[in-house]
Amino acid sequence: MSFNLGEENEQGMNEMNLIPLIDIMLVLMIIFLVTATVMNPSIPLTLPKTDASTPPQPPEIVSVNINAQGQVYWNQDAVSLEQLAERMNGAAQQAKKPSLQIRADKDARYDTVAQVMARASKAGLSDLAFVSDAPAS
């Protein structure tokens, strides 16, 4: 078996070499990018005017705990449902209404939790959060 070096091939090469064309295009693109940034070095921006005011303070957080026996605690103080309603009415009269974090034991009755939520709604406290204890891993 012998190698054919193309001496007997009389057809001309019909493919164009594109590598020099690609090199020229890359050089032109780099020149264009450099001159475009030199010609227009800044972009006019219209930014909003701001002031350096302090952000508003977050609301006070009141913890309402309900244990398995149905006992309700207002920030570690044991209260009845009537006393809880009075404290919620008092908290709702403040200029900045507090945020209630309700933490109920998994064995607590749903009725007690629903009564606490109803009293909060009736007092006008709408910022409620339920806190759960994640299992330790």
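Everything numeric here is computed off the predicted structure, so don't read it as measured data.
Residues passing the side-chain contact (heavy atoms from CB on, under 4.5 Å) test with Leu21, sequence neighbours excluded: Leu18. Every residue two or more places apart in sequence or in another chain that forms a side-chain contact (heavy atoms from CB on, under 4.5 Å) with Leu33 is listed here: Met29. The side chain to side chain donor-acceptor pair (under 3.5 Å) check on Ser126 picks up nothing, with sequence neighbours excluded. In this structure, Thr50 has no side-chain contact (heavy atoms from CB on, under 4.5 Å) partners at least two apart in sequence or on a different chain. Scanning for side chain to side chain donor-acceptor pair (under 3.5 Å) contacts around Asp127 gives Ser99, with sequence neighbours left out.
Among residues at least two apart or in separate chains, salt bridge (charged side-chain N to carboxylate O under 4.0 Å, His left out) pairs with a member in residues 89-106 are Arg103-Asp133. Residue pairs meeting the salt bridge (charged side-chain N to carboxylate O under 4.0 Å, His left out) criterion with at least one partner in residues 59-79, sequence neighbours excluded, are Asp77-Arg87. Applying the salt bridge (charged side-chain N to carboxylate O under 4.0 Å, His left out) rule to pairs touching residues 21-31 yields nothing, sequence neighbours excluded.
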Without placing hydrogens or testing angles, list every side-chain donor-acceptor pair under 3.5 Å for residues 62-73, not counting sequence neighbours.
from  : atom 1 : to    : atom 2 : distance (Å)
Ser63 : OG     : Asn65 : OD1    : 3.2
Asn67 : OD1    : Gln69 : N      : 3.2
Asn67 : OD1    : Gly70 : N      : 3.1
Asn67 : OD1    : Gln71 : N      : 2.8
Asn67 : ND2    : Gln69 : OE1    : 3.4
Gln71 : NE2    : Val79 : O      : 3.3

Let me have the donor-acceptor pairs involving side chains of residues 108-125, under 3.5 Å, with sequence neighbours excluded, atom names and distances please.
from   : atom 1 : to     : atom 2 : distance (Å)
Asp111 : OD2    : Gln115 : NE2    : 3.0
Arg119 : NE     : Leu81  : O      : 3.1

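Applying the 4.5 Å side-chain rule to ILVMFWY residues, one finds Ile24 in the same cluster as Leu28. Ile61 shares a hydrophobic cluster with no other residue; no ILVMFWY side chain has heavy atoms under 4.5 Å from its own.
In this structure a side-chain-to-backbone donor-acceptor pair under 3.5 Å is present from Gln83 to Ser80.
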